[in-house]
Every structure is written in C-alpha cells, then in structure tokens.
Amino acid sequence: MSEKKNKKSSEDSKIDEALESSRRDFLKKVGIVGAASVTGAAAVYSGYRYEKSKSTGDTIKVLTEDNRLVEIPKDQVKDYKPGLKVLQTRGREGINGKRWVMVIDLSRCRNARKCVNACQGAHYLRPYEYHINTLVMQESVNTPAYYMPKTCQHCDNPPCVSVCPVDATFKRQDGIVLIDNERCIGCRFCMAACPYSARMFHWQEPLSKEADKGKEYNIELNVPQKKGTISKCLFSADRLREDVLPYCVSACPNGVFYFGDENENAVTNGTTKETVSLSELLEKNGAYRLMAELGTKPRVYYLPPKNRLFKFEKGAETDYKETT
Amino acid sequence: MKPDKMEESIITSERYIKKIDSVSSDILRNVRINRGFILWMGFLSVALAATLFAYTIQLKEGLIVTGLRDVTSWGIYIANFVFFVATSLVGMLISSVLGLSGAKWIKPIARIAEIIAVAFAAVAGLVIISDMGRPDRLPNVFLFGRVQSPILWDVTVVTTYFFVSLLLWFLPMIPDLAISRSRISDRPKFLIKAYEILSFNWIDHKKQYEILNQAVRVLLILIIPLAFAIHTVTSWLFAVTPRGGWDSSIFGPYFISGAFVSGTSAVIIAMYFFRVNYKLQKYLTEDHFEKIARVLVLVSIIYIYFNINEFLVPGYKLKSIDAVHLKELFSGHYAPLFWSVQLLGLVIPVILLLFRRMRKPFPLLIISGFVLMASWLKRFIIVVPPQAHPFLPVQNVPAEWLVYKPTLIESAVTTASLILVIMIITILSKLFPVLPIQEIAEEETRAEAEQLNSN
Ligand code: SF4
C-alpha cells in the first residue's frame, strides 16, 4: 500500500505538464477524488486551488475526468470538494474490488496504546471513548495474561446491522461496517446486539463540537461526531479511500497490526511496512477469530500471544474521569 | 359483550327498562366533571409539567443526564417500556381469553381491563421515544425502516394493538352512550355532544346489536395473536442478541406469562379503586375479587414455571457467560433485589392467595400492589444486569460506568409516563361509564327472569 505523499507528488507532476501554458499560476494543491455520484457520470476530477488573480478573461487548462485537456475561464475555477451527497453515496458503496482484513499479532502487543491515541485524535474522541481499546485478557490463573487491542470486528454476519431499524449501520461490499450519524436515531439496539462491545455512544456533545462547526459530515470518518448517535471503529475508511493504512495500524510502534486486502491475499504491517501473504501469515501463526462460535464471521484475525520477546507487565490502569 | 344473539324478549321487557334506569343512575353518578376531578387532574398536570421539565433537560444535554453509559446502555426507560407493554396485555387476557371461553363474571371488569390496555399501550410508545438519543429523527423509522429489525415489528404491533384495544373499549360502549346521552343532561355541553356523536344514532335495534356483536367478536379473536405478538416481539428485542441473560429461547413465553401477572394485578388495583371511590360495591362484588384472585394465582404459577426454566437450566450448565450473570443475581450485587422480587412479588403472593381470606378485596389489593411493584422491578432485572457483564472485559473506562444507577432526571421522566397512564385512566373512567350499563342490566334481568321461572 503506497503512502499518501508519493501519490500526491506524482499527480502534481502530471498536471504540471498539462498546464505548461499557465505556468505563472501558482499550483497550490491537487487532489484526486473519486466521485461516484448519483448520476454515475462523474468519476475522477482534477482540481486545484490558485492564487487569487486580479485579471479576468484569463483561461487555464484543466485535465478532465476523461483525460481531455480543456480550457476554462480562470475566475470560474473552483476547488473540488465532495459534497455531503457524494460522501454519503460513495461511503455506502465502499471501495470497489476490495475486501479489507486486519490481523492483530498478540505476541507483539505491549500495551503502548499508541493505536488508541491515534484513533482518538483522528476521530476527536475523549480519552475514555473508544473505537479501539487495549484490554488485559486472562482466561484463568493458569493461562497467560496478554494485551489485546480490540477494534470493531467488521463481521460478515454483523448482529448490529441486522437489528438497526433505519439502516444507519450497514455493511459495505468491501467488508467494512459503517455508521451513518446523519440517520442514526440513537436507539442503541446495535450496542445491545454487539458481542464485542465495539460500539460507543455520544451521550453528550462530542468533544470537538465547536471546531467541527460547518464541516461536511464524512461518513467514512464519523466526523463531525454527532450527539445522540453511535460511533465505532471504521477501519479508517477515509484513509483507505486515499490508499493509506488505518490510523491505529500506522501508529503502532511494535508491529502488532497488519492490514490489507483479502482479494489480493496481501497484508501490510503498519510498523515495518512489510507486505506479506495473508494466508501464510494466518497459517504459520495459528490465527483465530474472536468468539467465532457466535457465527459473526469477523474480518479481524488474531495471532496468539506465543513466543513473546518481552515479559507481560500489567501497567496501572488509568483512572479516567468523565469530562465535558 | 355477549357474543350470541340478543334475545329480544329481554331487552324489550319492562323489567329490563327499569333495570337500565337503576344501573345507569348508579354508574353515571360518577360521570361528571366535579371539583374532585378538576383538582385531581390539576394535580396530575402540575406533576406532569414538573417531570416533563426534566425531559427538556435531557433533550438539551443529551442522555448524559441519565445513568446510562456505554456499558449499560439500556436502563429504566427500556425496563419501563417492557413493563407497559406487559401490563397492557391484560385487555386481551380478560376480554378475549376469558370472555370468549364463556366466563360471564368478567363482564363488569372487561371495560376496566380495556382501559388499562389502552392507557399502557398508548404511553408505551412515548416511553420508547424518551429513550432515543435522537427523538427528532423519529420519522427516520418510517422513512428508512428495515423489516429485519425487531424494532420495526414492535412499532407496528404496539400501534395496532393500541388501536384494536381502543376499539374494544369503545365499540361495546356504544349502547351505553346511547342510554346515557339522555341521562346526563346536567353535565357540561361538550360531554353531551360527545355522547351524541359517539353513540352514532344508536336506537337499540336488534340488527344493530347483531352487527356490533359480530364486529366485537372478530376483534376479540384478532387481538389474541396481536397481543401475543406485541410482547413476544418485545422479548425478542433482547433474545435476538447473543448476550448472556438475554440469549434465551423461552423469552417469548416467559415475557407473556409475566405480562399476565402484572396486568392482572393492575386490573385488581383499578377494580378496588372504582369499587370504593365510585361506590360500585353492588357491581364489583366480593365474588368478582374472588374470581380474579384465582386468575392471578393461575397466571402467577405459570410464570413461576417459566422462571424455573429460565434460571434453573442455565444455572445447571453454568456456561461462563451465564455464570457471571446468574451469580450477580443469586448472590451478587443484584441478589437483594432479585430475591425480594421473586419471593415478595411472586411466590409469597401465590401462597397467600391460596387462603380464602386473602382473596377478599382489601387483602387482595395489598397483595396486588406488591405483585405490580415487583413486576416493574422484574423488568429492571431482566433489562439491566445482563449488560454489566459482556463477553469481553470492561476496562479503561470511568469507574462510574461499571454499575448503572438511574439518575433523578431519568426517574422523573419515568414518573412522567406513569402520570400519563393515570391521566388517561382517569379521563376514560370519569368521562365515560366505567362499567357496561347495558350488559349488566341485561345480565341481571336475565338472571332474575330465570329465578322467577324456576320458582
Ligand atoms: S443506535 Fe443508530 S446505528 Fe445503532 S441500531 Fe439504533 S439507529 Fe442503528
């Protein structure tokens, strides 16, 4: 999986070539955004921001979605930002051809909680509001204790989706279970149904209510978060759309997370950026899924905590206090 | 309402006409807007306003003002909802199950049972709204409703049940309204007008009785599966989840049998109230209390049977997820509540009611009070404790999330729903005849005629 930066710079040069004649314009930013809009016509737009020009009547050349070079009046150029409708539509459809999977290697987790912090930062959550949480697990006194990062399992047979009365939580064709905070009525039936306690509820105004004012709601990020609705791990669907690894995966310092596409049978380690074969990784390490007996068919695999290179040390649990 | 054909000889006899006069004067005596009524409704309104103020705080601040958090996300609102749906089932039990099986003694109390059904079913819908994080998005349920979700089934059947119950309260009352409209001339104009409109030009014709009886009979049959549906579906809100304590295949019948217990005790309390306050000792006799006490014993024993199944079988196997939950109930945090509910609200009442003395109106009232209170708390036990122990450990959260404690605001909003129920019961029983005048008169005339014949 390539990093965002590389992609951006290659796009930059491509468009620079196309815009030879209007070189004096300062090219500030170019973004490629797939716009699978309702009309189905729009696919990929190229746009760019420009320094405010005083002269009118100037034209510039732009590459259209069907790879044609056209000239348009400069003062009519607008930054392309997908609107709510586009965000909602493509957010429900998912990313074509992908089947996202996560592999969590328990033998490497030392409870650094960097994944938790990165996630909470990206989604504007309070320190005790979790999309991902790391738990201390111990089945009995004779079995080893270990740390277990717990995300939403993005089940292929998701109990939360079945019970949702308004289709606010739904399963995408790329395997991700998402929530539409614009539609959720806050009944919390999905919370009751989830055996992994993966869901959180916005009991009060979300943390960044003020900062979020006026932002377009992104269903793939659940931001702006909305009071009285559900939120949970989204497999960082917003990052996947840009071909970047999820927040938690890239934040881990210990190489715990692998993320990738089941269709390609390849997963990438978030720390080492090494890409390995999914089936081999699972087979070699005796992978399992959490509470598979419930028939939920999770898309998250766990590798058992064996051959650990460090001793399990139970850190003091933080005493979280509710804040507004 | 008597399902078979009305015998013309009785309803045209002079004795019957006289009977109507005496029965209607006894029952209509209470149909008036007097000072007591106004004071009572005024008191209820003030209390309602105060409790609704609590709800406005919740609307503004969000559900953070409740004791609910990510660990226990359903609390007394949902428990109260289950209790309301449960209690409303009694309309079906009395009018349909007992009525259609030919039990004549239920006639005077059938309307009371329907009033309870209507009041509780109507408010149940509102209670569920108070639990919603986004009540403003209620229309989404109709715009985007998905048939797979038990919530959709619940919304549909509770609404239908409410309307059918309303019809079952109203239709059999049409002859009474016709009888009454000429007899309430000193009441407020709007009431007389309402009686005139609602009695639909009833002229006591034989044909009218036939049509009415037919319609009521169809509804009485229709409401049986409907009532079973509303509470079975309510139980499925829990049983379709994999949680320990909810993941039970007998939740449907467990809820239904429990519903009959709470509903019957509610009807007994209402009967006692009307008997004493409305001075209806002549019509709600000790014999009626004796009979309904037996019904209470019967439904309680059935419920005990389901309780044994619900707790003994998982308790025997002690699957780890059930084990934590059962331990909390039997000897842990919830043990005092659990045992008082099961013993004081179920087992001891059944034992007491085996004695004839306890089936007299007053002792029965006290026992029913315990049963009804325990029924509410039982819903709490069903809803709340299973959430405290999910499959995965609850860690790294504020300590107060671990044990759910309802807040004052939550209790106030719940009280609001109870006040609403009492208001509806008051209005239905104070502005309309609370007992079926025509049926009682007919029944008494028939009984007297039979006695004369046999002499
Ligand atoms: S809380 Fe929201 S997402 Fe969850 S079941 Fe209810 S409507 Fe659906």
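Every chain is numbered from 1 and lettered A, B, ... according to where its sequence line falls, protein lines coming before strand lines.
- Summarising the geometry of R146(B) relative to C164(A), their closest heavy-atom pair is NH1-O, 3.0 Å, with the distance given to 0.1 Å.
- Considering only heavy atoms from C-beta on, L392(B) comes within 4.5 Å of M148(A) through its side chain.
- Heavy-atom contacts from other residues, nucleotides or ligands closer than 6.0 Å to OH of Y288(A) number more than 12.
- Chosen from S197(A), S162(A), P159(A), C160(A), the residue pairing most often with chain B at heavy-atom distances under 4.5 Å is S162(A).
- When every heavy atom of V163(A) is checked against every heavy atom of P150(B), the shortest pair comes out as CA-CD, 4.4 Å.
- Heavy-atom contacts from other residues, nucleotides or ligands closer than 6.0 Å to NZ of K171(A) number more than 12.
- In E313(A), the CD atom is not crowded: 12 or fewer heavy atoms of neighbouring residues, nucleotides or ligands sit closer than 6.0 Å.
- Among residues 240-248 of chain B, the residues having any heavy atom closer than 4.5 Å to a heavy atom of chain A are, in sequence order, V240(B), T241(B), P242(B), R243(B), W246(B).
- In terms of heavy atoms, N181(A) sits closest to R137(B) at O-NH1, 2.7 Å.
- Other residues, nucleotides and ligands contribute only 12 or fewer heavy atoms inside 6.0 Å of the CZ atom of F163(B).
- Note on K226(A), H202(A), R183(A), K227(A): by heavy-atom pairs under 4.5 Å with chain B, the leading option is R183(A).
- For the set I151(B), T72(B), L138(B), the count of heavy-atom pairs under 4.5 angstrom toward chain A peaks at I151(B).
- Considering only heavy-atom pairs separated by less than 4.5 Å from chain B, the leading option among I230(A), V136(A), L294(A) is V136(A).
- By number of non-hydrogen pairs under 4.5 angstrom with chain B, the leading residue of I185(A), T296(A), V116(A) is I185(A).
- Contact residues of residues 312-328 of chain B toward chain A are absent (heavy-atom distance under 4.5 Å).
- Using a 4.5 Å heavy-atom cut-off against chain A, the contacting residues of residues 127-135 of chain B are D131(B), M132(B), G133(B), R134(B).
- Taking chain B as the reference chain and counting heavy-atom pairs below 4.5 Å, the highest number among G295(A), A192(A), C184(A), C194(A) is found for A192(A).
- If you take CD1 on I78(B) and SG on C187(A), they are separated by 8.5 Å, rounding to the nearest 0.5 Å.
- Looking only at heavy-atom pairs under 4.5 Å with chain B, the residue among T229(A), D167(A), L290(A), V161(A) that has the most is D167(A).
- Checked against the 6.0 Å centroid criterion, the rings of F189(A) and W74(B) qualify as a close aromatic pair.
- Between W203(A) and D70(B), the closest side-chain pair of non-hydrogen atoms falls below 4.5 Å.
- K215(A) NZ: more than 12 foreign heavy atoms inside a 6.0 Å radius.
- Against chain B, the residues from residues 122-129 of chain A that qualify, each with a non-hydrogen atom under 4.5 angstrom away, are Y128(A) in number order.
- At a threshold of 4.5 Å between non-hydrogen side-chain atoms, the residues E400(B) and E322(A) count as touching.
- Under the 4.5 Å side-chain criterion, counting only non-hydrogen atoms from C-beta, S73(B) is in contact with M191(A).
- Here P398(B) is the residue among G62(B), P398(B), A399(B) with the most heavy-atom pairs under 4.5 Å with chain A.
- Between L135(A) and Q395(B), the closest heavy-atom pair is CA-OE1, 3.2 Å.
- Distance alone, capped at 3.5 Å, is enough to place a donor-acceptor pair between the Y130(A) side chain and the N396(B) backbone.
- Of all the listed residues (P393(B), P386(B), P390(B)), the one sharing the greatest number of non-hydrogen pairs under 4.5 Å with chain A is P393(B).
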